[in-house]
Amino acid sequence: MQVVLERLLRSTFPNSDIRREYPIPQPYSHGRLIDFMLVDEKVAIEVKVVSAQGGRNRLFKELAIDLEAYRHSEMSFRKLICFVYDPNNQLPNPRGFENHLRGDRGGFEVITIVAQNPYQANGVASAG
């Protein structure tokens, strides 16, 4: 997933300083790495894949921790984009998941995008 997104970012923003797996320079970041960082735009991008183990609760907790670490980062991010890929449609309410994390937190905007498998319904592959 990250390889595809990196290619998309580099072709969309050819003149930007794009860094991958960049450490957050803070003592309380607990060794967290930013999946992608667009330096000049002050945007952090976090990519997650929903797994069958832990699913929604684990994912939500990870994103909440990431969100706070990035918001208080010395990098002065203005925006966090959370891209969540759900290949087996484990999230029963993807729009609700997006809306729960989305919003402005004092000049720090969070955008959440959930992409599910259109050929799979409720965790079972469709026959079409």
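Atoms considered below: every heavy atom in the structure, side chains included; atoms not considered: hydrogens, waters and symmetry mates. All of these numbers come straight from a predicted model, not from anything done at the bench.
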Practice item. Calculate, to the nearest 0.5 Å, the distance between atoms CG and NE2 belonging to N93 and H100 respectively. Key: 11.5 Å

**Study point:** Side-chain touch I18/R10, heavy atoms, less than 4.5 angstrom
**Key:** yes

Review point. Under the side-chain contact (heavy atoms from CB on, under 4.5 Å) criterion, do L63 and L67 qualify, and how do the steps go?
Key: CA-CA 6 Å; L63 286 172; L67 187 155; over 6 Å; no

Check your understanding: Who passes side-chain hydrogen bond (donor to acceptor under 3.5 Å, both in side chains) against E62, sequence neighbours left out?
Key -> K48, R58

Exercise for review: Under the side-chain hydrogen bond (donor to acceptor under 3.5 Å, both in side chains) rule, collect the residues that match up with D17, sequence neighbours excluded.
Suggested key: R19

Exercise for review: Decide yes or no on side-chain contact (heavy atoms from CB on, under 4.5 Å) for F36 and V43, but give the supporting numbers first.
Suggested key: CA-CA 8 Å; F36 294 98; V43 173; over 6 Å; no

Exercise for review: May I ask you to decide if L91's main-chain N or O and Q116's side chain share a donor-acceptor pair within less than 3.5 Å?
Suggested key: yes

Review point. Any chain of hydrophobic side-chain contacts (each under 4.5 Å) joining F83 to L8?
Key: yes

Review point. Take atom CZ in R95; do more than 12 heavy atoms of anything else shown fall under 6.0 Å from it?
Key: yes

Study note, to complete from the structure: One should read off an interatomic distance between E6 CD and R20 CZ, to the nearest 0.5 angstrom, of 4.5 Å

Exercise for review: Apply side-chain contact (heavy atoms from CB on, under 4.5 Å) to the pair L9 and I45, showing each step before the final yes or no.
Suggested key: CA-CA 10 Å; L9 288 171; I45 300 173; 3.8 Å; yes

**Study point:** Test item: D40 side-chain N/O and S16 main-chain N/O as donor-acceptor pair under 3.5 Å
**Key:** no

